[in-house]
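This structure is a prediction, so every number in the text was calculated from the model and none was measured. Computed over heavy atoms, backbone and side chain alike; hydrogens, waters and symmetry mates excluded.
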Amino acid sequence: MFERKRHWEEIYLHRSPEEVSWYQTNPQASLALIEACQLDPADPVIDIGGGASRLIDHLIRAGHEDLSVLDVSSTALAHAQARLGNPASRVHWIEADITDFIPERPYALWHDRAVFHFLTEATDRARYLAALKQALPPGGQLIIASFAIGGPQKCSGLDIVQYDADKLLKELGEGLQLLEEQAEVHRTPGGARQAFCYFRLVRS
């Protein structure tokens, strides 16, 4: 965990959030899938690996009242807090490695854009899934995105695991039903095109 934290702290200490390859001004795919969840404004939502992402800005503006952002990098979280200003006080900020996260409450939605695909070790994926299933009650929804099959094999110098629906469902195990999937070609700030796949699931 220490090596993982050090890696992401270094990234955000030496590069601005607008320079990293995963930056999105408008996270359209995530927002469309979150809208499809038909959440009430008071439903608790957690963004895994949200860091300096602008998704939280959009969710605040959309009227979501119970928002949490988890990231291993305190520097990434500080970027988001500084950008938001006063509205940052309405968000629960959690500095933690997802493989060590012990949820203290249930969430109606668990959103993860590209954390799970960094977990190349089976033990880390098992810890992630233990936290997910502790946090997500029956009827709770999961949005998870990863590099698609045939997409990039590395990100930020790290190996990743590519997923399609069959591979992801096999990894997640029983108790999660796929509701929809969506392909996206993400254009990085440098102009590269990256194939992503987004999945929305519900816990039975």
Side-chain angles (χ1 to χ4, degrees), residues 4-5 7-98 101 107-118 141-148 151-152 155-156 158 160 182-200:
R4 183 154 47 226
K5 178 174 177 58
H7 176 85
W8 294 111
E9 295 290 10
E10 287 290 322
I11 291 292
Y12 283 102
L13 281 170
H14 294 101
R15 301 173 69 186
S16 76
E18 293 77 20
E19 293 174 326
V20 296
S21 63
W22 52 93
Y23 173 73
Q24 293 179 305
T25 301
N26 184 15
Q28 294 178 337
S30 290
L31 291 170
L33 290 171
I34 291 171
E35 185 175 358
C37 292
Q38 298 184 323
L39 301 173
D40 291 330
D43 284 340
V45 175
I46 187 166
D47 186 19
I48 303 300
S53 165
R54 291 181 180 264
L55 177 65
I56 197 69
D57 309 50
H58 291 270
L59 296 181
I60 290 171
R61 287 197 292 269
H64 291 274
E65 301 167 359
D66 191 345
L67 296 168
S68 299
V69 176
L70 179 146
D71 202 277
V72 71
S73 169
S74 60
T75 309
L77 295 174
H79 278 301
Q81 292 163 359
R83 184 184 68 240
L84 285 168
N86 289 336
S89 64
R90 295 155 51 187
V91 179
H92 183 208
W93 304 95
I94 306 169
E95 181 188 342
D97 187 303
I98 187 57
F101 179 48
Y107 296 93
L109 172 63
W110 175 292
H111 175 271
D112 169 2
R113 179 181 177 262
V115 170
F116 190 66
H117 75 192
F118 279 110
Q141 296 187 64
L142 163 66
I143 295 171
I144 190 165
S146 75
F147 284 139
C155 180
S156 186
L158 300 177
I160 59 90
Q182 184 177 134
E184 178 188 59
V185 178
H186 168 64
R187 188 177 292 275
T188 72
R193 295 166 65 88
Q194 298 179 332
F196 270 83
C197 201
Y198 288 70
F199 309 91
R200 181 166 71 95

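A distance of 9.5 Å separates OG of S53 from OH of Y23, quoted to the nearest 0.5 Å. Note: F196 CZ to H117 NE2 = 5.5 Å, rounded to the nearest 0.5 Å. Here T75 contributes atom OG1 and R15 contributes atom CZ; the two are 14.0 Å apart, rounded to the nearest 0.5 Å. Note that CD1 of I144 is 9.5 Å distant from CD1 of I48, once rounded to the nearest 0.5 Å. Taking OH from Y107 and CD1 from I46, the interatomic distance works out to 4.0 Å, rounded to the nearest 0.5 Å. How far NZ of K5 is from OG of S73: 6.0 Å, rounded to the nearest 0.5 Å.
For A76 against D71, the heavy-atom pair with the smallest separation is CB-OD1, 4.1 Å. Between Q141 and C37, the shortest heavy-atom distance links the atoms NE2-O, 3.1 Å. Between P152 and I160 the shortest heavy-atom distance is O-CD1, 3.2 Å. The two residues A88 and Q81 have their closest heavy-atom pair at CB-O, 3.8 Å. Taking every heavy atom of both residues into account, L84 and P87 meet most closely at O-CD, 2.9 Å. Here the closest heavy-atom approach between residue P17 and residue Y12 is recorded as CA-CE2, 4.5 Å.
The closest side-chain heavy-atom distance from H58 to P27 is below 4.5 Å.
Between the H64 side chain and the L59 main chain, no donor and acceptor come within less than 3.5 Å of each other. Side-chain atoms of E19 never come within 3.5 Å of backbone atoms of P189 as a donor-acceptor pair (strictly under, hydrogens ignored). When atom types are taken as modelled, the side chain of D112 and the backbone of A114 share a donor-acceptor pair closer than 3.5 angstrom.
Of the charged side-chain nitrogens involved, none lies within less than 4.0 Å of a carboxylate oxygen, so that E18 and R83 do not count as a salt-bridged pair.
Contacts of S156 classified as side chain to side chain contact (heavy atoms under 4.5 Å, CB included), with partners at least two apart in sequence or in another chain: H7, W8, I11, W22.
No side-chain N or O of Q24 forms a donor-acceptor pair with one of R54 less than 3.5 Å apart.
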Please evaluate residues L55 and V69 with respect to the criterion side chain to side chain contact (heavy atoms under 4.5 Å, CB included), reporting the C-alpha separation (whole Å), side-chain torsions for both, the decisive distance (0.1 Å), and the verdict.
CA-CA 10 Å; L55 177 65; V69 176; over 6 Å; no
Yes or no on side chain to side chain contact (heavy atoms under 4.5 Å, CB included) for I34 and V45, after CA distance, side-chain angles and deciding distance?
CA-CA 10 Å; I34 291 171; V45 175; 5.7 Å; no
Evaluate the criterion side chain to side chain contact (heavy atoms under 4.5 Å, CB included) for residue pair I94 and H92; output intermediate values, then yes/no.
CA-CA 6 Å; I94 306 169; H92 183 208; 3.8 Å; yes
Check step by step if side chain to side chain contact (heavy atoms under 4.5 Å, CB included) holds for I98 and F118.
CA-CA 11 Å; I98 187 57; F118 279 110; over 6 Å; no
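By the 6.0 Å contact criterion, CZ on R61 is enclosed, its count of non-hydrogen atoms from other residues, nucleotides or ligands being greater than 12.
Within the structure, side chain to side chain donor-acceptor pair (under 3.5 Å) contacts touching residues 34-49 (residues at least two apart or in different chains) are D47-H111.
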